[in-house]
Amino acid sequence: MDSLIRAARRLPLSGKLGLGLVVFWIVVAIAGPFVAPYPPGSFVNEEVFAGSSGRFLLGSDFLGRDVLSRLLSGARFTVGLSAIAVAIAASIGTGLALCAAVGPRWLDEILSRSMDTLISIPSKIFALVLVAAFGSSIVLLTLILALTYVPGNFRIARSLAVGLARLDYVEVARARGEGRLYLALVEVLPNMMRPLFADIGLRFVFIVLLLSGLSFLGLGLQPPDADLGSLVRENTSGLAEGALAIIAPAVAIASLTVGVNLLIDAATQGKAE
Amino acid sequence: MTAQAQIAPSQTGAAHVEVCNLCVTVRAPDGSALRIVDDVSFAIPRGEVLALIGESGSGKTTIALSLMGYARGGARIEGRIRVGDATLDGTESASLAAQRGNRITYVAQSAAAAFNPSRRVMEQVIEPALIHGTASDAEARRHAVELFEALSLPDPAGIGSRYPHELSGGQLQRLMAAMALITRPDLVIFDEPTTALDVTTQVEVLQAFRKVVRDQGATGVYVSHDLAVVAQMADRILVLNRGRVREQDAVRAVLETPADDYTRTLLAAARPVVKAAVPAPATGSPLLSIEGICAGYGPVDREGRAAHPVLSDVSLHIGRGAAVGVIGESGSGKSTVARVVAGLLAPTAGTVLLDGQPLARSLKDRSREELRRVQIVFQNADIALNPAHSVGEILGRVLRFYEGISGHAARARVAELLDLIRLPAAVATRRCDELSGGQKQRINLARALAAKPDLILCDEVTSALDTVVREAILELLAELRRDLGVAYLFISHDIATVQALCDEIVVLYKGTCVESGPARAYAAPPFHPYTDLLISSVPELRTDWLSDVGRKDPPRLAAPDDGGGLCRFLPRCPVAIAGRCDTASPPLRQLDSGNAVLCHRSQAELAG
Ligand SMILES: Nc1ncnc2c1ncn2[C@@H]1O[C@H](COP(=O)(O)OP(=O)(O)OP(=O)(O)O)[C@@H](O)[C@H]1O
Ligand code: SF4
Ligand SMILES: [Mg+2]
């Protein structure tokens, strides 16, 4: 814990800003719905696309619902689903990468070839096809988001793991007679963590954007649930008026993704020195 | 005009390069200021070479770089530096940084990394002259060919049209010197330019450097950790320790009458002698026998030959508690021998016997007990110890793996092991990246010892260490052998190290064993011609060694392309016999000294 605080203190200004934004959105995702002034689905204002006021801090949306409340619950969906999806993507991607690194050569060949094939399909189209084929319940949506980013994570993790698996300490462990599982989990994995976290952060951003994009197209989260992308979509008619109802979720998406990016940049640069 | 009037006296009166009270400060990881060069002053007259010598971390390279006005990430340079009429801050006429690559040039340790693989070397060698406009294209080319000739490069007129990958490490190193000299600089900085080379190559490169430096009257700074190398190249030596000057004098004076204790330590460590009494190796059946091993890398074809064969028919025997050294130049297959014994590489032919019992070719078919009895220690402790684990975890894992010891008993054993390698027990909680190079190498060794092995395969375990630390590790190895009765297969490219520790030495050349026998037989001829070359290439601590070693006959016979079963040393052998060496494979000759050599020459001829 101490070392985390010290590391945070050493971050450059942009990194601190990023860290602040990331922490803010994590807190919002966890606590948001509890502090929301109204239930997200209730029609509380006669006026649609109302501006900011004492009762409705971020005004009302196209049906007269409270934007702040909807934003708080939408953030939970966006952050939560993306986090789960990225966790799944990284577990599968890195797990397979470790298998490729310590396993027999043919396994590496097969895995690398098939991942290369998958990665050559643009991720948005891949996700669209999967959604079209399997529908978009929350579970399916999460799995699709995760699967879309497995090949990317695999590629990074494999190149890290293969490099590490050639190092002498792994060779020594192998000469000692250690099994492959031990080599992968104890000798190789711990040394991949730092660069891997940077990759995971980046993929989290991609997933946030992809989820928001899908929802904006109406293919993501289905009503009555709404994530930040859905909020932008449902309020597009307010765009001409410059309504807070559309600006607020857009700014939310931007600040979340920019925050993660700033933090990753600062953290990886600090390491390179 | 006034500027010139100011410079003139300094050019005639004072030295060519002048450094006064140089201090370099960096920021330590914890934020405090750390002085890595502390109050260093020296002067170099025109045409002389000053050597900066010291262990790693003593600030040699930092000083060399500050002569070019260059400070590594975040370092601050204070003090006065003047090279010719350029100063650090450029107050008099020019700044050092502006002179870099033109009036001040640099020869780095690894030339291979400095050349662009996709361009011909000539273009790269003359590039500085063209960029700085010191010569026209034609002039620069002519000068380059002169330099190639002075550097004894083969085919001086044609070598420039080759690509870097077509040249050897030693040739590239010389080409880099040519690149540094092409602008006729005021100062050339050599930063460990021969450290990455084999001894045999190093001699050629040193000779070339010395000749060209003398001919061109260049002023130089030569950075090295090797006193014997420096003795050949420099006029004066400056001994550094932790950023401070310990001693500064003419080469001869430093070597013969060192004034400082630290210099004496360096001199003593340059030629290691192991003091621990060594038991007479047990006779009887050998602990480990390697018989007729052939091995290589890449896919194995139908006749059982690897795509890149490395070892051919290598045999050796290690007695219980004995130390057998393997020497040879880079790429001769030394590490490959260790990998075959450890089971990391399956041989394509031959057997490895442990206590008379054949060991399986590959790891997964060996029993845990067999694996425990043979441990391997790699050269580079930086990559041989997992940075994610603490010392205690690294050692503890071995105990748990082989003996199932954990918890309190394991901690006690770890403390015991640390004591065995002379480190405090508190080290157990530290991570390896917090330890020094010598300490890491001790941990590396302790991990092998934790398995209570009968045999430790030491692959260049002292090569990455400074001389003083190296001596301590060698001493430790000898003590462990005496106290624990462990046997070593000790691999090194440095014959002095091997002679200090081992009872028997095997010489590998291109994967064949050309000579083997008791270590004392390597003190004087007769040797195999290759052994002779190896031994005579080791720089000696006297200034005239390089001139003496120069009288070497060139090879007399051209070798057939494939080599067949002929002596592999034929293309380089100065004493090859026409009609014999190039037609028949050499016999194994038993010499009176106890050595066996693979050569057509008789004992009497080899002694001559
Ligand atoms: N994994 C590998 N794949 C292919 N070739 C290899 C591999 N490892 C080593 N070689 C080749 O095998 C030959 C012998 O290598 P080896 O490492 O045994 O030499 P060495 O005597 O230990 O050299 P050094 O002193 O540089 O460590 C070299 O030509 C090398 O290029
Ligand atoms: S066999 Fe001939 S070529 Fe080979 S080392 Fe002996 S003399 Fe030289
Ligand atoms: Mg080696």
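The figures here come from the full heavy-atom set of this structure, side chains too, leaving out hydrogens, waters and symmetry mates.
- The number of heavy-atom neighbours closer than 6.0 Å to CZ of B/R361, taken from other residues, nucleotides and ligands shown, is above 12.
- For the residue pair A/D168 / B/N380, no side-chain donor-acceptor distance below 3.5 Å is found, with atom types taken as modelled.
- Around the NZ atom of B/K452, the shell of radius 6.0 Å holds no more than 12 heavy atoms that belong to other residues, nucleotides or ligands.
- Each of B/N386, B/N444, B/I383 has some count of heavy-atom pairs under 4.5 Å with chain A, and the biggest count is that of B/N386.
- Side-chain contact check for B/H389 versus A/Y169: every heavy-atom pair is 4.5 Å or farther apart.
- A/R176 approaches B/F401 most closely through the heavy-atom pair O-CE2, 3.0 Å.
- Across all non-hydrogen atoms, the minimal contact from A/A175 to B/I376 is CB-CG2, 4.1 Å.
- For A/V186, the parts sitting under 4.5 Å from any heavy atom of chain B are the backbone and the side chain alike.
- At most 12 heavy atoms of other shown residues, nucleotides or ligands fall within 6.0 angstrom of atom CZ in B/R305.
- Proximity to chain A is limited to the side chain of B/R447, based on heavy atoms less than 4.5 angstrom apart.
- In terms of heavy atoms, B/L363 sits closest to A/R174 at CD1-O, 3.3 Å.
- The CG atom of A/L167 sits 11.5 Å away from the CG atom of B/L385 when rounded to the nearest 0.5 Å.
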